[in-house]
**Student:** 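My questions will all concern the structure given below.
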Amino acid sequence: MSHFDWLSELLARYQDEHILVRRGSATALAPAHLLELDPEDWGRAAQVAAGYACRWAGVWAEPRNEDFVITAALAREGDHLLLRTRVPLSAPLLPSHTPYFPGADRMERHAQDMCGLVFSDHPDPRRWSRHNRWAPDSYPLRKDFAVDSAPLPAEPETDYAYIQTQGAGAYEIPVGPVHAGIIEPGHFRFQAVGETVLNLEQRLGYVHKGIEKIAEGRDAAGLAKLAGRISGDSTVHHAWAACMAMERAARLTPPPRAQALRAVLAERERIANHLGDIGAICNDVAFAFAFQQFGRLRELWLRDNAACSGHRLLMDCVIPGGVAADPTPEQIARLRGAVDPLRRELAELYPILDDHPSLEDRLATTGILAPEIAQRLGTVGYVGKASGQDIDLRRDHPYAPYDRLHVTSPLFTTGDVEARLKVRVQEILDALDLLVTLLDTLPGGPVNVPWQAPAGGGEGLGLVEGWRGEILSYVRFGGDGRVTRFFPRDPSWFSWPALEQLIHGNIVPDFPVCNKSVNGSYSGHDL
Amino acid sequence: MLRILNKIWKTGLITEDLPAGADPVLEQVGAQLREGIARQFQGSLAIRQVDAGSCNGCELEIHALNNGYYDIERFGVHFVASPRHADLLLVTGPVSVHMESALRRTWEATPEPRLVVAAGDCAACGGEFGCSYASRGAVSNVLPVDAVIPGCPPSPLKLMQGILQILET
């Protein structure tokens with residue numbers, strides 16, 4: 001099977017539907033293919049793609065001169081297809097993709113709030129990223145909006161039209177934005193009868209920090225630092241995705257040793273987060289033993305990070321052109337030496353998780369995300385893999401150094417909390433195997449090449465398989481070598497709506513464990 | 001069950017304890033922390049953590065304070081779910097404008113005398129995000145702050161030292 005052998009069939013279907021592809025390019029935003037369409041065809045192009053089992057993977061807009069350039073990402077079999085169109089700034093009207101891809105809902109509303117795009121047939125025109133702190137007719141990502149514009153006075157948001165439930169015995173539980181724990185802020189509105197959740201509605205955007213806007217004008221090094229703080233738990237993967245996008249824009253290839261070291265950092269990040277999550281999921285059903293044990297393993301893992309990279313969470317290790325530092329032979333030996341002890345620990349702990357009846361009682365059949373819903377929402381990562389979505393970029397469209405590695409990916413179809421736990425359990429073992437290969441076959445040579453901004457500007461797309469799933473990162477440089485548009489799409493955009501679905505019919509006290517099993521990033525989503 | 005007990009027994013006590021631990025700085029900081037809390041808070045300091053716009057890096061390290069190695073509860077520090085139970089607000093992140101009123105209301109709900117510690121570079125000075133249409137930057141731009149803990153993110157030990165400095169002033 002070669003890449004994009006499904007594309008000719010989609011193009012034939014577009015032709016049958018009289019959808020005119022103005023221009024196509026396999027190189028402009030490689031490895032993705034780019035198709036330019038008329039805005040009138042925007043909605044139908046999505047409709048046809050939905051009928052052809054494409055996954056919807058993101059949309060972003062950027063004002064350029066008198067136009068908006070809007071780009072949407074679709075994916076199939078590991079390949080990405082970008083649809084692009086233009087509408088005039090004076091009449092920024094476009095059909096919506098949401099009727100065909102429900103996962104597009106919030107990102108289109110984000111584009112509406114940030115840019116002033118109007119999606120004509122969007123089923124839910126409410127605001128999303130705006131919380132009344134900037135005026136409804138001003139749009140932060142437009143060029144005439146100053147990055148330091150004074151916000152409107154701070155008031156609690158009281159006019160957002162939440163879904164209402166009526167009927168005997170039905171009641172509402174509002175939760176957040178400040179939650180009862182050491183977690184990120186967001187608002188959850190439950191409607192319940194007795195203990196059973198009828199509906200959950202999320203209101204996010206509380207940690208919106210203007211990342212897309214403050215990225216503008218940065219140089220490559222500054223963007224990598226910012227990307228490393230989109231979601232602190234994914235610092236390696238977001239920085240890698242952004243650097244990959246910048247390097248592709250600049251036609252620059254990091255040296256083989258840098259690529260291998262990036263993967264070492266990335267797999268270490270995956271393991272650290274999965275260890276923490278396994279413990280936390282168990283903790284949410286009161287299995288404190290596992291919480292303590294996995295917390296211990298995570299702490300040891302982070303101490304190795306600090307000893308070998310200077311940073312417990314590996315921040316700022318990935319830089320444009322490669323990685324920041326070349327580990328010493330002793331540091332590499334320490335990283336290699338950490339693999340087998342962890343394997344031995346897991347060999348003891350995993351059977352305990354497997355055989356613990358009270359754990360199974362709480363995790364199995366709890367929070368089921370049906371595979372059809374997972375597919376329609378475009379969920380990726382462990383949420384998708386637990387619900388039949390067999391998607392892993394490292395295997396399906398490998399980027400260096402995964403192109404020389406054998407990557408396997410777990411798959412379950414039960415879609416419950418237990419399945420999401422099992423994906424993590426297996427992914428740690430798989431990542432340890434990858435670490436062994438990476439560290440035993442580490443190429444020599446330099447760990448970075450000098451950054452050279454693309455002369456005359458340029459754009460690039462970064463795609464990596466983060467520990468939560470696929471991260472897509474788009475960067476455009478202006479002629480001065482500075483960023484003019486940055487859009488990082490965290491997989492949380494798709495796992496948050498999945499949480500709204502999988503909680504239906506569960507009891508309110510199971511919400512924490514359902515939430516933890518999904519573990520969406522608020523910061524990565526709110527931007 | 002036997003396997004669990006066996007694992008617990010084999011793991012033993014990992015907490016880096018005060019008299020003979022592996023990390024002399026942690027021992028020292030911990031002892032001072034316990035002393036200060038005993039003196040000023042009757043042995044029990046209740047912290048309400050508030051993420052006011054963080055990237056979640058600081059939260060990961062604050063979480064680590066509760067793992068077996070640091071086990072900050074043994075020094076008298078515990079994290080509480082309600083600001084109404086808190087002596088101290090541990091605030092992270094640049095204050096996003098969308099969290100500004102929630103942060104202020106959390107502070108208002110905290111009984112006096114209340115302390116505010118700004119944890120992490122963003123909370124200390126705005127960090128990578130600074131001030132913008134979406135961010136108020138440092139926590140001190142929104143609330144009176146009693147102490148700051150720099151770091152991106154501050155390590156668990158730095159967090160303990162930071163909490164300590166407020167007790168000594």
Side-chain angles (χ1 to χ4, degrees), chain A residues 131 133-134 140 145-151 154-157 176-185 205-211 213-214 225-226 228-233 235 276 280 289 292-293 295-296 298-300 302 306 312-313 315-316 348-349 351-352 355-356 521-524 526, chain B residues 1 3-4 6-8 10-11 14 47-70 79-83 90 92-94 96-106 109 122 127-136 142 152-153 155-156:
Chain A
H131 285 212
R133 295 301 304 272
W134 65 86
F145 186 101
V147 65
D148 56 354
S149 304
E155 300 282 348
E157 187 188 46
V178 178
H179 295 158
I182 305 170
I183 43 172
E184 300 183 76
Y206 286 93
V207 288
H208 174 71
K209 295 184 276 289
I211 285 174
K213 186 71 173 180
I214 63 173
K225 277 197 88 174
L226 181 64
R229 285 155 183 83
I230 290 165
S231 183
D233 50 23
T235 179
F289 165 79
Q292 287 300 331
Q293 292 290 341
R296 174 176 68 85
R298 177 181 155 89
E299 175 66 24
L300 292 172
L302 297 189
R312 283 165 55 92
L313 304 181
M315 276 180 175
D316 303 325
E348 265 187 285
L349 290 170
I352 294 176
D355 295 348
H356 204 65
S521 169
Y522 298 73
S523 185
D526 291 355
Chain B
M1 196 63 212
R3 269 190 315 207
I4 294 179
N6 186 38
K7 183 70 185 166
I8 291 171
K10 274 203 310 192
T11 304
I14 56 164
I47 297 182
R48 170 65 241 206
Q49 194 268 338
V50 185
D51 174 344
S54 155
C55 75
N56 76 32
C58 288
E59 280 61 41
L60 295 174
E61 293 296 57
I62 295 170
H63 259 293
L65 287 172
N66 286 319
N67 77 33
Y69 286 93
Y70 304 100
F79 288 90
V80 293
S82 169
L90 186 65
T92 61
S96 73
V97 300
H98 292 168
M99 273 304 287
E100 189 176 349
S101 63
L103 173 63
R104 196 168 279 133
R105 290 169 92 185
T106 304
C122 294
E128 200 59 32
F129 303 98
C131 292
S132 74
Y133 79 94
S135 164
R136 297 290 315 275
V142 177
C152 186
S155 65

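In the text below, chain A, chain B and the rest are named by the order of the sequence lines, each starting its count at 1.
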**Student:** Is B:Phe79 in contact with chain A via its backbone, its side chain, both, or neither, using a 4.5 Å heavy-atom distance?
**Tutor:**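 B:Phe79 touches chain A through side-chain heavy atoms alone.
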**Student:** Is there a donor-acceptor pair closer than 3.5 Å between any side-chain N or O of B:His98 and the backbone N or O of A:Gly205?
**Tutor:**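 A pair under 3.5 Å: yes.
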**Student:** Within a strict 4.5 Å, meaning less than it, do heavy atoms of the B:Glu61 and B:Thr92 side chains meet?
**Tutor:**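 No - every pair of side-chain heavy atoms lies 4.5 Å or more apart.
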**Student:** Please state whether the side chain, the backbone, both or neither of B:Pro153 comes within less than 4.5 Å of a heavy atom of chain A.
**Tutor:**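 Interface part for B:Pro153: both.
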**Student:** Shorter than 4.5 Å, heavy atoms on both sides: which option in B:Cys55, B:Ala134, B:Ser96 has the most such pairs with chain A?
**Tutor:**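 Result: the option with the highest number of such pairs is B:Cys55.
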**Student:** Working to the nearest 0.5 Å, report the span between CG of A:Leu349 and OG1 of B:Thr11.
**Tutor:** 7.5 Å
**Student:** Using heavy-atom distances under 4.5 Å, tell me whether A:Arg296 contacts chain B through its side chain, its backbone, both, or neither.
**Tutor:** both
**Student:** Could you look at A:Tyr522 and say if it's the side chain, the backbone, both or neither that has a heavy atom under 4.5 Å from chain B?
**Tutor:**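 Neither; nothing under 4.5 Å.
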**Student:** Would you please name every residue forming a side chain to side chain contact (heavy atoms under 4.5 Å, CB included) with B:Ile4, sequence neighbours left out?
**Tutor:**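 Partners of B:Ile4 under the side chain to side chain contact (heavy atoms under 4.5 Å, CB included) test: A:Phe287, A:Phe289, A:Ile352, A:His356, B:Ile8.
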**Student:** For the candidates B:Asn56, B:Asn67, B:Asp51, which exhibits the highest count of non-hydrogen atom pairs separated by less than 4.5 Å from chain A?
**Tutor:** B:Asn56
**Student:** List for me each residue that meets side chain to side chain contact (heavy atoms under 4.5 Å, CB included) alongside B:Cys152, sequence neighbours excluded, and say none if there are none.
**Tutor:** A:Arg229, A:Met315, B:Asp121
**Student:** By a 4.5 Å heavy-atom criterion (distance strictly below it), what part of A:Leu313 contacts chain B: side chain, backbone, both, or neither?
**Tutor:** side chain
**Student:** For chain A, which of B:Gln49, B:Met1, B:Glu128, B:Arg104 has the most heavy-atom pairs under 4.5 Å?
**Tutor:**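 Max contact count across the listed options: B:Glu128.
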**Student:** Under 4.5 Å between any side-chain heavy atoms of A:Tyr206 and A:Glu184, yes or no?
**Tutor:** no
**Student:** If you count heavy-atom pairs under 4.5 Å between each of A:Pro151, A:Ala146, A:Ser231 and chain B, which one has the most?
**Tutor:** A:Ser231
